[in-house]
Asker: 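Below you will find the structure I want to go over with you.
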There are 2 protein chains.
Amino acid sequence: MLSQRQDAILREVVRIFTDTGQPVGSKTLMNELPFHVSSATIRNEMAMLEEVGYLEKTHLSSGRIPSAMGYRYYLDHLVQPTSVPQDIAQRIDEDFGKTYHQIGDIIEQSAKILSHLTSYTAITLGPESSSIRLTGFRIVPLNAHQLMAIIVTSDNNVENNIYTVDDDFDTSLIEKIVNIVNDKLVGQPLNKVLQMLHSDVPAILSEYMYSTDGLLDMMDSLFKKAESEKYYVDGQLNLLNYANGDDMSEVQSLFSIINQSNDLRKLLDPSILDDGIKVRLGSELGSDALKNYSIITANYDVGHHGKGVIALLGPTTMHYSQLIGLLGEFRVELAKRLIDYYSRYDDS
Amino acid sequence: MLSQRQDAILREVVRIFTDTGQPVGSKTLMNELPFHVSSATIRNEMAMLEEVGYLEKTHLSSGRIPSAMGYRYYLDHLVQPTSVPQDIAQRIDEDFGKTYHQIGDIIEQSAKILSHLTSYTAITLGPESSSIRLTGFRIVPLNAHQLMAIIVTSDNNVENNIYTVDDDFDTSLIEKIVNIVNDKLVGQPLNKVLQMLHSDVPAILSEYMYSTDGLLDMMDSLFKKAESEKYYVDGQLNLLNYANGDDMSEVQSLFSIINQSNDLRKLLDPSILDDGIKVRLGSELGSDALKNYSIITANYDVGHHGKGVIALLGPTTMHYSQLIGLLGEFRVELAKRLIDYYSRYDDS
DNA sequence: TTTAGCACTATTCATACCTGAGTGCTAACA
DNA sequence: TGTTAGCACTCAGGTATGAATAGTGCTAAA
């Protein structure tokens, strides 16, 4: 356990280092600390903090910077979230202020707002309820050769695929297909739907059609779209502000991580997150490309519609106190707006 | 006009410089040129080439690199497109090899193939015919509060928007709306449609509806989607391979250019392009961010369905001879596949 | 017109030096 | 026992210096 004075010193080192980016020396600290002790005393304390592993030097005679452990301790014990200033709160409200026709639009807008506000990279994920069901299926003929297949799911998500057929299609056949899907698949959970699509459905379809492959492929991709988690990423380019220019390959792997939902799932899986806000340092994430970055995640809760995640990705030296404060209010605001959306339109 | 020997020297300087990235000296040239003259002679010739502005030095006693003018001359007179090797041609064929349900998918796949093949950034634009007409309009109820509006255009493009209404909607009203659109707008060119949407349509609609704003907004955005050119960009991250690391803001503006269709339109507007393949150097493009890059554009022709553009964006020191050869064959291949697609499904 | 030769120039690399910011340690002090 | 002043020490970073290298331009001869 650290003494109060050591706490204060560590907190101040983090603050100054995030502000200036430079290692912090004993004299600087002496002038910034809220109490007065000599620089020699501070040197003694810092030597101790270094011994326990919370501070480190960039070279033998440099000032100190917080180590990964030091950041961890800071985040766990010392950080003091600041509350969101009035004008920012108002701006969030304004930026949200339009009518949304889909949940995805709200989630997407959240990412936009957060990345603009922070100039970091924002990643948001819509609410996930454990069991999404298929609630609607339509086939709409578009012209002589094209159809649109549309599905609606219990989370109010809509997906569509276009399907092109060589020869003119048979209206009664389409009706048949719609009936089969309505009969067998609508009402089922999505994973069940996908499973049945490959077990039960082919046999039934082949009673009416000669070649079922193309149709099944199309429906498979359609259901998979509905099942896949849709991450919205905004402010990717902000990463370039903090990237160090002489290792472009690092930047590349960073970009490819945030553009692959597989990688994002590993980072942001809502099930592994406790409630509330959590900061994970790059060194704790096991990914080499992320080692100089950290991720602040917050989840939000929309009752029986599930939980979602909002996250900020930035360099380890982010302004945690402000950002944690911001996310703390943002998650509530977002949940409120989503609940509002559901309450107005939901008919499940 | 340059002598044959000067041509050969300039061509060789370009070749060596694109291979090595280093300024080219007289001794190196002496060993690489297909004929033998002493390094002193080469120095004399290079001094002339510098005088007319085709070569320049990085410093007083360095080797020469091609100037922008030199590149221009090289591209206009000296470049010799190489033909595409068998295995590459085959790979293109394989990478194209699946069934496409929409033209956009083919165009998108083109960008993928090109960027993977070249490791530069590929930008593709679908065929644009001068007058696209609205050929179909549907409204599909999804559930108690949501509708999907779908439009089809004469270029076989399909767009949709989801529209959410507060209260339960009136099926007969929807029918009315569909009838009005079919009556007044379907068959018209898209720009006319957009114009009428704001002149004639509001008055007609307001006979049946209390509030028309939301509906009109939705339809406006839908028609605009159909009208806007859709650029497909692939291999953005390749830009990082050639970016110089200590000016991140340059990289940022580069990225924002290729992500804004407005900027892309300026660069790739098919109407300003002659037929065939054209290389434009960054210095000729007037954009500061592009000054170290160049764009190779090629258009392709699908008869009365219009013309489209494929382009490669990379550093000024690209391997033009190979790339021009590649695009030369690719544009034909792409056109062939599009014509094939149209011939199978088109019913216009 | 071409070439050999030479004087000249700029980059690059290593080496050396200096300064400033910072440390650790010791001895004195409260 | 904790705090402080003082001092010797260290290292990064900037600047100067010199040698090696790769190139040039120019002149005079072939």
Side-chain angles (χ1 to χ4, degrees), chain A residues 1-10 12-67 70 244-246, chain B residues 1-10 12-67 70 244-246:
Chain A
M1 207 55 201
L2 300 185
S3 72
Q4 280 208 344
R5 193 166 68 186
Q6 288 168 327
D7 275 358
I9 289 175
L10 180 52
E12 202 61 19
V13 169
V14 169
R15 191 186 69 76
I16 299 175
F17 181 60
T18 45
D19 277 358
T20 66
Q22 298 299 320
V24 185
S26 54
K27 270 193 194 152
T28 320
L29 271 177
M30 182 174 66
N31 296 322
E32 296 290 330
L33 280 174
F35 48 85
H36 181 77
V37 282
S38 77
S39 63
T41 307
I42 296 174
R43 282 202 289 283
N44 287 333
E45 295 284 36
M46 289 208 289
M48 302 215 146
L49 285 169
E50 183 171 1
E51 211 165 332
V52 273
Y54 291 161
L55 291 181
E56 52 191 35
K57 291 186 274 198
T58 58
H59 59 268
L60 199 61
S61 72
S62 76
R64 305 302 210 295
I65 63 174
S67 67
N244 100 333
D246 42 48
Chain B
M1 207 55 203
L2 300 186
S3 70
Q4 280 207 344
R5 194 165 68 186
Q6 287 168 329
D7 276 357
I9 288 175
L10 179 52
E12 201 60 19
V13 169
V14 170
R15 191 187 68 76
I16 298 176
F17 181 60
T18 44
D19 277 358
T20 67
Q22 297 300 319
V24 185
S26 53
K27 270 196 197 150
T28 320
L29 271 177
M30 183 174 66
N31 298 322
E32 296 289 330
L33 281 173
F35 48 85
H36 181 78
V37 283
S38 76
S39 63
T41 307
I42 295 173
R43 281 203 289 283
N44 287 333
E45 295 283 37
M46 289 208 290
M48 302 214 148
L49 286 169
E50 183 172 3
E51 211 164 330
V52 276
Y54 291 160
L55 290 181
E56 51 191 34
K57 290 186 275 197
T58 58
H59 60 267
L60 199 62
S61 71
S62 76
R64 304 301 209 296
I65 62 174
S67 68
N244 99 333
D246 44 48

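These figures come from a predicted structure and were not determined experimentally. So that the names make sense, note that chain A is the first sequence line, chain B the second, and so on, each numbered from 1.
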Asker: Determine whether A:Val13 and A:Tyr54 make a side-chain contact, defined as any pair of heavy atoms from C-beta on separated by less than 4.5 Å.
Answerer: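 No, every pair of side-chain atoms sits at 4.5 Å or beyond.
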Asker: What does B:Ser62 touch in the nucleic acid at a heavy-atom separation under 4.0 angstrom: a base, only the sugar-phosphate, or nothing?
Answerer: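 Sugar-phosphate only.
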Asker: Using heavy atoms to find the nearest nucleotide of DNA chain C for B:Thr41 and B:Leu60 separately, return the residue whose nucleotide is more 5′.
Answerer: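 Comparing both residues, the 5'-ward one is B:Thr41.
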Asker: Taking only side-chain nitrogens and oxygens of B:Ser38, does any of them come within less than 4.0 Å of OP1 or OP2 of C:dT2?
Answerer: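 Looking at the OP1 and OP2 atoms of C:dT2, neither is under 4.0 Å from any side-chain N or O of B:Ser38.
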Asker: Report yes if the side chains of B:Val37 and B:Arg5 come closer than 4.5 Å at any heavy-atom pair, otherwise no.
Answerer: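 In short, these two side chains touch, coming nearer than 4.5 Å.
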Asker: Write down the distance between CD1 (B:Ile65) and P (D:dG23), rounded to a whole number of angstrom.
Answerer: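 Rounded to whole Å, this separation is 14 Å.
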Asker: Please report the distance, rounded to the nearest Å, between CD in A:Gln6 and P in D:dT3.
Answerer: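 Going from A:Gln6 (CD) to D:dT3 (P), I get 11 Å.
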Asker: For D:dC7, does either OP1 or OP2 sit under 4.0 Å from a side-chain N or O belonging to A:Arg43?
Answerer: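 For D:dC7, neither OP1 nor OP2 has a side-chain N or O of A:Arg43 closer than 4.0 Å.
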Asker: Please state how far atom CG in A:Leu55 lies from atom P in C:dG22, giving the value in whole angstrom units.
Answerer: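 The answer, rounded to whole Å, is 15 Å.
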Asker: Could you state the atom-to-atom distance from CD of A:Glu50 to P of C:dC25 in whole Å?
Answerer: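 Rounding to the nearest Å, CD of A:Glu50 and P of C:dC25 are 11 Å apart.
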Asker: Drop me the distance from B:Met46's CE to B:Lys57's NZ, to the nearest 0.5 angstrom.
Answerer: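 If we round to the nearest 0.5 Å, B:Met46:CE and B:Lys57:NZ are 9.0 Å apart.
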Asker: For D:dT24, take OP1 and OP2 only and decide whether either is under 4.0 Å from a side-chain N or O of B:Arg64.
Answerer: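 Yes, because at least one side-chain N or O of B:Arg64 sits under 4.0 Å from OP1 or OP2 of D:dT24.
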Asker: Reckon B:Lys27 has a side-chain N or O less than 4.0 Å from the OP1 or OP2 of D:dT21?
Answerer: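 Negative; the distance criterion is not met.
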Asker: Distance check needed: C:dG22 C1' versus A:Ile16 CD1, whole Å only.
Answerer: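 Spelled out: CD1 on A:Ile16 to C1' on C:dG22 is 14 Å.
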Asker: For A:Ile42 and C:dG22, give me the distance from atom CD1 to atom P, rounded to whole Å.
Answerer: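 Atom CD1 in A:Ile42 sits about 12 Å away from atom P in C:dG22.
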Asker: Among B:Glu51, B:Glu50, B:Glu12, B:Glu56, exactly one meets salt bridge (Lys or Arg N to Asp or Glu O under 4.0 Å) together with B:Arg64. Which residue is that?
Answerer: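 In the set B:Glu51, B:Glu50, B:Glu12, B:Glu56, the residue that makes a salt bridge (Lys or Arg N to Asp or Glu O under 4.0 Å) with B:Arg64 is B:Glu50.
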Asker: Report, one line per pair, each donor and acceptor closer than 3.5 Å where one atom sits in a side chain of residues 25-34 of chain A; sequence neighbours left out.
Answerer:
residue	atom	partner	partner atom	Å
A:Ser26	OG	A:Arg43	NH1	3.3
A:Asn31	ND2	A:Lys27	O	3.4
A:Glu32	OE1	A:Arg15	NH2	3.1

Asker: Can you find a side chain N or O atom of B:Lys57 that sits less than 4.0 Å from OP1 or OP2 on D:dG25?
Answerer: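 Result: yes.
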Asker: Within less than 4.0 Å of OP1 or OP2 of C:dG22, is there a side-chain N or O belonging to A:Ser26?
Answerer: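 Answer is no, no contact under 4.0 Å.
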Asker: Find the distance B:His59:NE2 to C:dC8:C1' and express it as a whole number of Å.
Answerer: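 Taking NE2 of B:His59 and C1' of C:dC8, I get 13 Å after rounding.
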Asker: How close or far is atom C1' of C:dC25 from atom CE of A:Met48, stated in whole angstroms?
Answerer: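 Taking atom C1' of C:dC25 as the reference, CE of A:Met48 is at 14 Å.
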Asker: Does a side-chain N or O of A:Ser61 approach OP1 or OP2 of C:dG22 to a distance below 4.0 Å, or not?
Answerer: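 For C:dG22, OP1/OP2 do not have a side-chain N/O of A:Ser61 under 4.0 Å.
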